[in-house]
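Note that the structure is predicted; figures quoted are calculated from it, not measured. As the structure lists them, so they are numbered: ligands from 1, and atoms in each ligand from 1.
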Amino acid sequence: MEVVIVPDAKAGGELIAGTMAQLLRRRPDALLGVATGSTPLPVYQALADQVRSGAVDTSRARIAQLDEYVGLPVDHPESYRSVVRREVLEPLGIGMDAFLGPDGSAEDVQAACEAYDKALGDAGGIDLQLLGIGTDGHIGFNEPCSSLVSRTRIKTLTEQTRMDNARFFEGDVDQVPHHVITQGIGTILEARHLVLFATGEGKAEAIAATVEGPLAAVCPASALQLHPHATVVVDEAAAGKLKFADYFRYAHVNKPDWQGI
Ligand code: F6R
């Protein structure tokens, strides 16, 4: 696992967007897996800037969603499909025909989960999956003690995650759904490159457990330790509890440019 410590969220966003842009230049129809929430927004903004300036062409790019609330109508402004449309597809000029996502309003949720895993496989798999991390170490919505080999399925959010997400629902935790469909940890690990982005002091403990803690389902993000190409991009505040921070800085500064992240 590589850990890159950046000065702030904007620098992290530019670094990750640059990596996505390089991928798209190499493989114009790359399938990018996107997370929602606050953390990835600087990535999408930086990538949209590159599209506007003509530095990258997203006309053949494809986008896959990581997770979705169960029970919210698809056109609800906070359904993750709406969020991905608003924050990713529209700014990047990518149409719904190039979008893959689980159906959180399906009557048969289990069948929708299986269909989504199959659709990802049929699409050739995700080339680069961007991840955020919960204060409890979740990736996607794989809450603590999720199976490390899980597939896309329904999960129950912890009260902590519902409280963390209440800010998207007028601060009212009662409006936050209890259930989600999330790519499983096994599904996430199939992406060819995993990039986890975390900013702020509130994520420092989860990041330390992810990077330096034992591989354990109690910190689902620690599953990144199993992946051959996982990059953790953190600002100084989120890096605040890393014992090996100096080594990570040293390794990044001395890395050959051609290697990228
Ligand atoms: C959302 C997702 C979650 C978030 C995490 C952090 O699609 O997969 O794992 O990435 O809850 O959310 P923020 O970035 O809002 O702190």
Side-chain angles (χ1 to χ4, degrees), residues 6 8-10 12-13 16 32-45 63-70 72 74 76-89 99-102 104 113 116 120 126 128-146 150 152-169 171 173 176-189 191 194-207 209-210 217 219-224 230-235 237-238:
V6 292
D8 52 32
K10 184 165 184 284
I16 297 169
L32 300 176
V34 296
T36 49
S38 307
T39 313
L41 297 179
V43 178
Y44 306 141
Q45 283 152 9
I63 298 292
Q65 192 176 334
L66 183 57
D67 40 25
E68 181 59 280
Y69 289 116
V70 170
L72 281 191
V74 279
H76 187 289
E78 293 307 325
S79 79
Y80 282 166
R81 186 169 297 222
S82 298
V83 174
V84 169
R85 190 193 288 239
R86 193 165 64 233
E87 306 291 355
V88 183
L89 297 172
F99 167 80
L100 291 171
C113 294
Y116 189 46
L120 290 175
I126 291 176
L128 185 155
Q129 175 66 54
L130 178 60
L131 300 165
I133 185 169
T135 51
D136 61 4
H138 68 231
I139 48 172
F141 276 125
N142 295 281
E143 295 285 28
C145 304
S146 289
S150 46
T152 299
R153 70 216 181 291
I154 188 169
K155 287 293 288 183
T156 304
L157 295 177
T158 62
E159 280 306 292
Q160 179 64 53
T161 300
R162 293 184 63 242
M163 285 188 294
D164 287 346
N165 285 5
R167 67 190 193 282
F168 298 114
F169 293 85
V173 71
V176 184
H178 285 80
H179 296 105
V180 287
I181 291 177
T182 180
Q183 284 188 34
I185 296 178
T187 315
I188 291 171
L189 290 176
L194 296 178
V195 180
L196 189 153
F197 187 27
T199 52
E201 198 184 342
K203 301 291 174 69
E205 208 160 305
I207 286 297
T210 298
C219 176
S222 68
L224 266 67
T231 311
V232 174
V233 179
V234 279
D235 69 356

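Within the 3.5 Å criterion, the main-chain N or O of L157 finds no donor-acceptor partner in the side chain of E143. Side-chain atoms of Q183 come within 3.5 Å of backbone atoms of Q65 as a donor-acceptor pair (strictly under, hydrogens ignored).
Considering only non-hydrogen protein atoms, atom 10 (O) of ligand 1 sits nearest to G132 CA, 3.3 Å. The protein atom (non-hydrogen) at minimum distance from atom 14 (O) of ligand 1 is T39 OG1, 2.4 Å. Among protein heavy atoms, atom 11 (O) of ligand 1 sits closest to H138 NE2, 2.7 Å. If you check which protein heavy atom lies closest to atom 9 (O) of ligand 1, you get G140 O, 2.7 Å.
The proximity of D67 to ligand 1, defined as any non-hydrogen pair under 4.0 Å, is limited to the side chain. Here I133 has backbone heavy atoms under 4.0 Å from ligand 1, and that is the only part of it that gets that close. Contact annotation: for T36 versus ligand 1, heavy atoms closer than 4.0 Å belong to both the backbone and the side chain. Contacts of E143 with ligand 1, taken as heavy-atom pairs under 4.0 Å, are absent altogether.
The shell of residues lying under 4.0 angstrom from ligand 1, judged by heavy atoms, excludes Q183. At least one heavy atom of K203 sits closer than 4.0 Å to an atom of ligand 1.
The shortest N or O to N or O distance between Y80 and ligand 1 is not below 3.5 Å.
Contact record, C113 with R153: SG-CA, 3.4 Å, taken as the closest heavy-atom pair. Looking at every heavy atom in both residues, I139 comes nearest to G132 through CG2-O, 3.7 Å.
Within the 4.5 Å cutoff, side-chain heavy atoms of E78 are placed close to those of V83. You'll find the side chain of T210 reaches within 4.5 Å of the side chain of C219, heavy atoms only.
Between Y69 and F168, the ring center distance fails the sub-6.0 Å criterion.
Listed by number with element, the atoms of ligand 1 under 4.0 angstrom from any heavy atom of L66 are 8 (O).
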